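Here the structure is laid out as structure tokens; the discussion comes afterwards.
Values in this document were obtained by computation on a predicted structure and should not be read as measured data. Sequence lines set the chain letters: A, B, ... in the order given, protein chains first and strands last, and positions in each chain run from 1.
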2 protein chains.
Amino acid sequence: MEEHKKRILLVEDDPNFGTVLKDYLMMNDYEVTHAKNGMEGFEKFKKDDFDLCILDVMMPYKDGFTLAKEIREKNTDVPIIFLTAKTMKEDVLKGYKVGADDYLNKPFDSEVLLMKIKAIIQRKATETISDSKQFEFKIGGFDLNSKLRFLKYNGENPVKLSPKENELLRLLALHENDLMPRELALTKIWRDDNYFTSRSMDVYIAKLRKYLKLDSKVEILNIHGEGFRLVVNT
Amino acid sequence: MEEHKKRILLVEDDPNFGTVLKDYLMMNDYEVTHAKNGMEGFEKFKKDDFDLCILDVMMPYKDGFTLAKEIREKNTDVPIIFLTAKTMKEDVLKGYKVGADDYLNKPFDSEVLLMKIKAIIQRKATETISDSKQFEFKIGGFDLNSKLRFLKYNGENPVKLSPKENELLRLLALHENDLMPRELALTKIWRDDNYFTSRSMDVYIAKLRKYLKLDSKVEILNIHGEGFRLVVNT
DNA sequence: TTACCTTTTAACCTTACATTAACAAAATTG
DNA sequence: CAATTTTGTTAATGTAAGGTTAAAAGGTAA
């Protein structure tokens, strides 16, 4: 039923607590990336798309607030939950100022955390995503609408695309005429880079080529060992 | 943009605490209606439009949860904050199930409450711009009046819609020609996203399709794994 | 209570998707 | 060149999601 598991970035320096929490969240059907400090947290944040960030406030090198500010600069929407020490009122207030969605005092009840996560993620889902522009691409004679997942040729023939077909074509379009590295598609779409996912991707490339045959000016070229290139000949 | 003070419905049976809290909120520029029990709370809720409800959980006659349910039947959007006794974990969980936006353990810090209020009201303000009061829709040859819950085709044949049919069609109409995510309908209408609510929704989609068959230009398309799309072909 | 309306659950069937296997064809390497 | 790796392509398979109808369960008012 789920299109994809919701992804959580957990930044927590205490290795024991962090691992336990990660496992608990994973048991509850979330995909969790665990970073052990603020630096690492920001690196991982940049590399991936998350549905929620859970940040410990007290961390060496870079505290949760600083990290939150950096995250907010990149992304104004992703929900943030802070884990603060008990009774640190100032932390709570500071957190809200930085744009937190919620906070939890340690030690906290895990079920309550789960409910908060659910509530926050659902809340975000409710907010209408109306920035349609980034979902529409023109590829030669084709129009790709990657939100509604269809591909039209010359205004007619709307072909439905499967989620993977759609994502892959969208990635190619984002790199039009340029190299779209294999690895990029595998990590972004398949979230795993191994022999099988790689073969699976090749199957999808074949499918896309079939769709794109309608316009002889459009083709997907392979760059051996590197990736693919969506070219539009003029 | 907003010209009126934000209105808060405060339902709290302890007269001392209630009065103090009311005064504090008023000092901070909110317009506060104080009800001393659940009955009175519901009466006042019906008489006015509030931007936020703050409900004590423990109250004689009618507790906060029961009141919240009644409020939710009237209004699926208004934010609700519960005041619960410290350490009553079950209360917190129950609150979220009823559709609470947040909760506070008594005794709580008043500044924290203020921050929460601000955060929640602001959140709703950004959300509610587009889908504000809109109850009448033209869908191809149909007229939907979702306040009176009927659907007319060509001015004739007024079909009565059940509450769920109505809400679902309204959501679809709000997103006409665009994706109406499954998740959105489930969280907004069913308030829960699981296998059964999802199947229930599919049943309603089938019912709506039956009604809409009268106009061959109107159809509900599925986007596998994402949601539905109400399209009007021209 | 019956009667009626609404919603959920169940059942059964169809369609959509992603993965894997299998084999062919290029490209690369030494 | 032969050997190896990478890519191209089609088909088969298993699973999940959606379509539809009917029966069960819940609710409400006469």
What does B/F228 touch in the nucleic acid at a heavy-atom separation under 4.0 angstrom: a base, only the sugar-phosphate, or nothing?
sugar-phosphate

Within residues 176-185 of chain A, those residues having any heavy atom closer than 4.0 Å to DNA chain D are A/R182

Scan nucleotides 25-30 of chain C nucleotide by nucleotide, 5' to 3', and note B when protein non-hydrogen atoms come under 4.0 Å of the base, S if they reach only the sugar-phosphate, - if neither.
--SS--

Do B/F82 and B/I80 touch side chain to side chain, with heavy atoms closer than 4.5 Å?
yes

Please give, in whole Å, the distance from C/dT6 C1' to B/E165 CD?
9 Å

With sequence neighbours left out, the residues meeting salt bridge (Lys or Arg N to Asp or Glu O under 4.0 Å) with B/R149 are none

Could you name each residue pair satisfying side chain to side chain donor-acceptor pair (under 3.5 Å) that touches residues 218-234 of chain A, not counting sequence neighbours?
A/E219-A/N233

Using OP1 and OP2 only, check whether a side-chain N or O of A/R149 sits under 4.0 Å from C/dC17.
yes

When rounded to whole Å, the CG to P distance for the pair A/L186 and D/dT6 reads 13 Å

How many Å lie between CG on A/N222 and C1' on D/dT6, as a whole number?
8 Å

DNA chain C-proximal residues of residues 202-218 of chain A, any heavy atom under 4.0 Å
A/V203, A/Y204

Just how far, in rounded Å, is P of C/dT6 from CD1 of B/I189?
16 Å

Readout for nucleotides 25-30 of chain D: B = base within 4.0 Å of protein heavy atom, S = sugar-phosphate only, - = neither; 5' to 3' it is ------

Starting from P on C/dA21, measure out to OH on A/Y195 and report it in whole angstrom.
8 Å

Look at the side-chain N and O atoms of A/S200 and state whether any lies under 4.0 Å from the OP1 or OP2 oxygen of C/dT19.
yes

Partner residues of B/D143 under the side chain to side chain donor-acceptor pair (under 3.5 Å) criterion, sequence neighbours left out
B/K138

Taking all heavy atoms of A/L169 and all of A/L208, pick out the closest pair and write down the distance.
N-CD1, 3.9 Å

Residues forming a salt bridge (Lys or Arg N to Asp or Glu O under 4.0 Å) with B/E176, sequence neighbours excluded:
none

Could you tell me, to 10°, how much the axis swings from one end of the helix from C/dT1-D/dA30 to C/dG30-D/dC1 to the other, five pairs per end?
30°

Any non-hydrogen side-chain atom of B/I81 less than 4.5 Å from a side-chain atom of B/I120?
yes

What is the distance from atom CG of B/L221 to atom CD1 of B/I223, rounded to the nearest 0.5 Å?
7.5 Å

May I have all residue pairs that pass side chain to side chain donor-acceptor pair (under 3.5 Å) and include part of residues 157-172 of chain A, sequence neighbours excluded?
A/E165-A/Y211

Taking salt bridge (Lys or Arg N to Asp or Glu O under 4.0 Å) as the cut-off, I'd like each qualifying pair that reaches into residues 194-204 of chain A, sequence neighbours left out, listed once.
A/R182-A/D202, A/R199-A/D202

Spacing of A/R199 atom CZ relative to D/dT10 atom P, expressed in whole Å
13 Å

Does A/W190 make a side-chain N or O approach to OP1 or OP2 of C/dA18 shorter than 4.0 Å?
no

Tell me: CG of B/N166 to P of C/dC5, nearest whole Å?
17 Å

Nearest atoms (heavy-atom pairs only) where B/A35 meets B/K44
CB-CD, 4.3 Å

Between B/D192 and B/N194, do the side chains contain an N or O donor and an N or O acceptor separated by less than 3.5 Å?
yes

Given C/dC17, is OP1 or OP2 found less than 4.0 Å from the side-chain N or O atoms of A/S162?
no

How far apart are the closest heavy atoms of A/T19 and A/H34, and which atoms are they?
N-CE1, 4.0 Å

When the ring planes of B/F50 and B/F45 are compared, do they come out parallel, tilted or perpendicular, using 30° and 60° as the limits?
parallel

Can you list the residues that meet the side chain to side chain donor-acceptor pair (under 3.5 Å) rule with A/D102, with sequence neighbours excluded?
A/K116

Residue pair B/V159 / B/F150, side-chain heavy-atom distance below 4.5 Å
no

Using a 6.0 Å distance limit plus a 45 degree cone around the ring axis, check whether B/K147 lies over the aromatic ring of B/F135.
yes

How many Å lie between CG on B/L168 and P on C/dT8, as a whole number?
12 Å

